[in-house]
J.: 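This is the structure I want to talk about, given as structure tokens.
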Amino acid sequence: MIHLEIQNVSKRYARNKYGIKDFTMQIEKGILGLLGPNGAGKSTLLKMIATVHKPSSGIISLNKNNIVQDPNYMRKQLGFLPQDFGVYPNLNAFEFLRYMGAMKGVGGPPLHERINQLLEGLNLMEAAKKPIGSYSGGMKQRVGIAQALLNNPKIIIFDEPTVGLDPEERVRFRNLISDLANDCIVILSSHIVSDIDTIADKVAIMKNGSLISYGNQDQMVQNVTNRVFETSIEKEHLSSFKFQHTVVSTMRKDGKLLVRFIADQPMENAINQKPNLEDAYLYLTKKK
Amino acid sequence: MKPFLTIIKSDYLQRTRSYSFLITLCASLAIAYTFVPEPNASYSTIRIADHVGYYNSAWFGYVTAIMTSIFLSLIGFYLVNSGIKKDIETKVGQIVAATPISNFKYLCAKVLSNFLVLLSIVLIVFVMSLVLFMLYNDGYPLELVQFIKPYTFITLPAMFFIAVIAVVFEVFLGKFSILQNIGFFFLYTTLMVSTPSNESYFSLDVFGSKIVMHQLEGQVRVLTKKDKSTDLSIGYVIGNTNDTKRFLFKGMDFPRSFIMSRFLLFAIGIGFITLISPFFHRFNVKERNAKKKLTPSIQTQLITPEIRLTKLPIPQINYSVWPIFKTEFKLLVRKGKRWVWFFNLIGMLLLALLPLKIAHQMVLPILWFLQVGRLSDLTTKEAANRVHYFVFSSYKPLSRLFVSKVFAAIMLMICLALPLIIRQGLLANVCAIITILLGSIFIVVFAVFLGMVSKGKKLFEVLFFMITYANMNSIPFADYFGGLEHQTSYFTGLLILVMVLGGLSVFLRTYELKK
């Protein structure tokens with residue numbers, strides 16, 4: 001049983017300037033989707049869990065071990081894909097992954113075999129012996145994903161993992177990590193709600209360095225039940241409409257705009273819609 | 001005109017708003033403090049035969065202006081020669097390439113921003129020269145014009161020349177930093193050693209120092225009643241301060257031709273930029289590389305079978321540092337252009353074949369200096385390549401990765417010096433072997449320490465260059481590898497320095513990781 005606990009964690013950059021403020025959350029095995037607008041503090045939180053950054057205050061513990069004091073306990077079982085990472089361009093993928101394996105403290109023939117299978121599974125085998133400097137952005141991203149899975153990690157952190165991946169690769173990635181849900185904690189941060197809603201067991205929404213909502217998808221969606229509508233408006237009324245309601249999407253139809261929006265009260269001529277996680281996300285981040 | 005000035009201003013600000021520039025300014029302040037030795041100092045900077053000038057405004061103004069012109073020209077190039085490279089690395093270049101700015105304007109902006117960066121350092125030195133005058137003057141009044149004149153006609157044009165040359169080298173040798181460094185070194189040496197055959201040729205001296213030196217020599221010649229050239233020394237010479245005689249130097253009136261030539265230097269610089277601007281790559285570099293490198297077949301289809309992560313083999317726990325050391329060594333060897341290894345091999349061959357003294361004193365420091373690019377980013381390459389998050393979240397990054405990295409670099413330096421070590425071994429010269437090993441450790445630890453302090457590679461590059469230059473001139477205190485005869489205490493001191501730098505580096509990295 002694996003258990004990650006974040007207790008009253010804050011990250012302060014300057015006086016009265018916090019990246020994360022008084023954040024508390026308990027995470028069990030399964031896939032956690034972390035959503036939030038830019039600057040919400042998702043990456044900061046993930047870096048603190050990954051022991052890259054140290055919290056200014058608070059405790060992060062993995063299986064009751066305080067990883068702020070003993071980061072190596074976390075590092076031994078961690079797989080981390082940062083949002084903004086690079087590679088050594090003059091190593092090939094195989095060499096880079098062996099190097100990463102050595103840094104994580106794993107090796108031997110099984111590592112060799114694991115690397116081969118990961119490269120195969122991530123469609124990098126053909127390029128495995130070419131310098132990573134010659135890879136496209138998507139290929140580098142896949143190398144990053146492979147390195148996060150090298151050491152059979154028990155806690156896996158993916159910060160914006162699907163950036164640079166094409167739609168087919170995204171599907172492939174989702175299938176890949178859904179296999180891990182029974183054994184480990186997987187934390188998946190993304191701006192793209194569709195990346196999260198198909199695989200996440202639980203969802204956490206952050207805003208301004210704080211947790212504003214945490215629960216499973218159904219609980220999230222319940223927040224917007226009977227609050228999502230669709231209506232048709234004139235193009236020139238869109239600005240004033242946006243001022244009054246949270247607009248989820250717009251679509252041109254018959255010279256007018258078909259608008260999906262969130263409102264606390266039903267509106268005349270508006271049709272009630274089945275809510276989804278994206279609606280809930282927009283509602284919660286705009287509301288609080 | 002206003003957008004152009006904004007570009008220069010922004011470029012200047014982004015280059016000066018850095019921790020490493022602050023360190024550069026502090027170092028400039030410290031160096032400027034030594035330009036005019038205090039009256040009882042045991043070293044000299046400018047000395048003509050046994051003579052130095054009375055400490056008046058002219059002596060302070062001209063000496064500091066000449067020293068700045070000579071030394072900042074040498075170091076300044078290495079400080080400013082990556083303006084375009086930085087735009088490539090930060091990908092700002094790609095945005096610039098898509099704007100309507102012409103190549104000429106862009107390059108001019110780079111020249112002027114280089115010039116401003118150098119001017120900032122000159123300003124610091126200028127202020128320090130005034131402070132030095134206040135501290136040490138022999139009772140003469142402050143004459144500001146004696147400070148302003150030499151800086152205007154000697155230092156500023158030299159700095160502009162360096163600003164232009166840095167851009168020219170970047171345009172033509174942008175991808176070959178080592179060629180840039182070596183090329184400039186030869187250009188600088190050639191310009192410094194060339195002696196004008198008659199007075200009218202002083203106008204061709206870009207550093208502007210020779211005309212003043214000529215005047216100083218002339219004055220001393222009159223005093224000593226010697227017809228032949230006097231024993232002039234420029235630079236830091238230790239222990240030649242006995243029996244110093246003084247003479248009164250009142251500054252000089254620069255000939256009109258010389259003044260014209262200074263203005264012409266600015267005009268020629270801009271003219272040169274006009275000529276080279278059609279050859280500027282305009283950030284097409286990456287695209288060219290990409291076309292050459294990318295293989296279409298490896299970018300396309302997804303035909304491989306799905307894998308089950310839970311079914312993958314579980315790797316064994318292995319905390320050995322050997323694989324990390326191997327990869328770090330591989331990274332060092334593969335860094336930079338492959339053809340540099342051709343020069344390395346020639347260097348190793350020369351270490352094996354040339355007379356022992358030359359091999360040890362001259363070839364070894366040059367061969368090691370050729371590795372400047374490999375050593376300078378030892379501690380910053382993780383951040384530069386953006387793998388630092390992987391590193392900092394790895395298992396025991398300090399004791400495993402950091403140590404491997406340092407040992408890999410030391411091993412590389414030892415491998416390069418191997419022919420010399422073997423020769424010294426055959427002669428049973430244990431002491432020489434120890435000093436070479438100590439030298440290899442020193443230069444690596446020095447690189448690590450400076451990299452961590454400055455969070456960049458420039459400071460080490462500049463200092464390593466200066467140390468190598470000093471070694472070429474057989475300056476004893478710069479000898480870190482035992483090329484010259486020293487007492488045992490010298491190497492004991494070096495060993496202590498290595499230990500202190502090593503200890504501080506470990507402390508800094510520990511602090512960095514804890515933070």
Side-chain angles (χ1 to χ4, degrees), chain A residues 47 50-52 54 72 74-76 78 80 82 84-91 95 98-111 113-114 117-118 120-127 130-131 133-136 138-139 147 149-152 168-169 172 175-177 179-180 182-183, chain B residues 289-290 292-328 330-336 381-397 399-401 404 513-515:
Chain A
K47 280 175 198 161
T51 71
V52 174
K54 211 173 173 176
N72 285 322
M74 169 64 102
R75 288 168 186 169
K76 278 192 242 179
L78 173 73
F80 178 41
D84 181 29
F85 74 95
V87 286
Y88 288 128
N90 43 16
L91 291 182
E95 289 169 336
R98 289 236 16 137
Y99 177 60
M100 286 291 139
M103 286 208 289
K104 287 163 188 267
V106 291
L111 175 68
E113 185 52 33
R114 192 176 173 93
Q117 291 190 25
L118 279 169
E120 191 75 49
L122 288 159
N123 196 32
L124 288 166
M125 204 50 171
E126 205 184 326
K130 295 180 193 296
S134 65
Y135 286 16
S136 67
M139 291 166 80
Q147 71 73 34
L149 301 168
L150 270 184
N151 54 333
N152 192 33
E168 202 172 353
E169 286 167 345
R172 195 178 187 80
N175 294 342
L176 194 69
I177 62 160
D179 194 26
L180 296 167
N182 294 330
D183 290 324
Chain B
N289 285 351
K292 196 167 59 186
K293 282 180 180 173
L294 285 177
T295 316
S297 64
I298 60 173
Q299 283 206 83
T300 50
Q301 78 290 62
L302 288 155
I303 47 162
T304 48
E306 296 265 345
I307 51 162
R308 296 285 307 274
L309 287 176
T310 44
K311 303 276 184 242
L312 291 180
I314 295 169
Q316 298 158 355
I317 299 295
N318 181 357
Y319 295 135
S320 159
V321 292
W322 176 242
I324 306 179
F325 171 83
K326 250 183 0 187
T327 312
E328 285 296 340
K330 214 181 270 182
L331 281 168
L332 282 170
V333 171
R334 288 186 192 169
K335 192 171 163 53
K381 73 173 174 205
E382 293 109 344
N385 287 294
R386 290 181 292 123
V387 295
H388 52 305
Y389 293 132
F390 298 143
V391 171
F392 289 176
S393 63
S394 67
Y395 181 67
K396 293 193 174 173
S399 60
R400 301 172 74 240
L401 186 70
S404 307
L513 287 169
K514 279 189 177 169
K515 199 172 66 167

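Every chain is numbered from 1, with letters handed out A, B, ... down the list of sequences. Every value quoted in this text rests on a predicted model; they were computed, and no experiment measured them.
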J.: Name the option with the most non-hydrogen atom pairs under 4.5 Å to chain A; the candidates are Ile314(B), Val391(B), Ile317(B).
T.: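 Highest number of pairs under 4.5 Å: Ile314(B).
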J.: With a 6.0 Å cut-off (strictly less than), is the heavy-atom count around NZ of Lys330(B), excluding the residue itself, greater than 12?
T.: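 More than 12 within 6.0 Å, yes.
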J.: Heavy-atom cut-off 4.5 Å, strictly under: side chain, backbone, both or neither for Met103(A) against chain B?
T.: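 Its backbone and side chain both get close to chain B.
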J.: Report yes if some heavy atom in the side chain of Gln316(B) is under 4.5 Å from a heavy atom in the side chain of Pro109(A); otherwise report no.
T.: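 They are in side-chain contact.
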J.: Which pairs of donor and acceptor atoms, one on a side chain in residues 319-327 of chain B, lie under 3.5 Å apart (sequence neighbours left out)?
T.:
residue   : atom : partner   : partner atom : Å
Ser320(B) : OG   : Trp322(B) : N            : 3.1
Thr327(B) : OG1  : Pro323(B) : O            : 2.9

J.: Taking only residues two or more places apart in sequence or in another chain, which ones pass ring-ring contact (aromatic ring centres under 6.0 Å, His included) with Phe390(B)?
T.: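 Residues passing ring-ring contact (aromatic ring centres under 6.0 Å, His included) with Phe390(B): Phe85(A).
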J.: Please flag which part of Arg400(B) lies under 4.5 Å from any non-hydrogen atom of chain A: side chain, backbone, both or neither.
T.: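 When you check distances to chain A, only side chain atoms of Arg400(B) fall under 4.5 Å.
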J.: Pick from Glu382(B), Glu328(B), Lys335(B): which one has the most heavy-atom pairs with chain A under 4.5 Å?
T.: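 The residue among Glu382(B), Glu328(B), Lys335(B) with the greatest pair count is Glu328(B).
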J.: For the candidates Glu113(A), Met74(A), Lys76(A), which exhibits the highest count of non-hydrogen atom pairs separated by less than 4.5 Å from chain B?
T.: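 Of the candidates given, the most pairs with chain B belong to Lys76(A).
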J.: Find out whether Lys104(A) and Pro315(B) are in side-chain contact, i.e. whether some heavy atom of one side chain is under 4.5 Å from a heavy atom of the other.
T.: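 Not touching, per the 4.5 Å side-chain cut-off.
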J.: Take Tyr88(A) and Lys381(B) through the test side-chain contact (heavy atoms from CB on, under 4.5 Å) and record every step on the way to the result.
T.: CA-CA 9 Å; Tyr88(A) 288 128; Lys381(B) 73 173 174 205; 3.8 Å; yes
J.: With a 4.5 angstrom heavy-atom cut-off, could you sort out which part of Leu118(A) is near chain B: side chain, backbone, both or neither?
T.: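 The answer is both parts of Leu118(A).
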J.: With a 4.5 angstrom heavy-atom cut-off, is it the side chain or the backbone of Leu91(A) that approaches chain B, or both, or neither?
T.: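 Both backbone and side chain of Leu91(A) come within 4.5 Å of chain B.
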J.: Enter the distance from Glu95(A):CD to Arg334(B):CZ here, rounded to the nearest 0.5 Å.
T.: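 If I round to the nearest 0.5 Å, the distance is 4.0 Å.
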J.: Which bit of Asn151(A) is near chain B, if near means a heavy-atom gap under 4.5 Å: side chain, backbone, both or neither?
T.: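 When you check distances to chain B, only backbone atoms of Asn151(A) fall under 4.5 Å.
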J.: Measure the OG-OH distance between Ser394(B) and Tyr99(A) for me, rounded to the nearest 0.5 Å.
T.: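 So the OG of Ser394(B) and the OH of Tyr99(A) are separated by 8.5 Å.
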J.: Go through the atoms of Arg98(A) and report whether side chain, backbone, both or neither lie under 4.5 Å from a heavy atom of chain B.
T.: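 Neither part; nothing is under 4.5 Å.
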J.: When heavy-atom pairs shorter than 4.5 Å are enumerated against chain B, which of Leu180(A), Thr51(A), Leu78(A), Asp84(A) gives the highest number?
T.: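 Highest number of heavy-atom pairs under 4.5 Å: Asp84(A).
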J.: Which atoms form the tightest heavy-atom contact between Ser393(B) and Arg75(A), and what is the distance?
T.: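 Distance-wise, the nearest heavy atoms are O-CG, 3.2 Å.
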J.: Mind ranking Asn72(A), Leu111(A), Asn90(A), Asn152(A) by heavy-atom pairs under 4.5 Å with chain B and telling me who comes out on top?
T.: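 Between Asn72(A), Leu111(A), Asn90(A), Asn152(A), the count favours Asn72(A).
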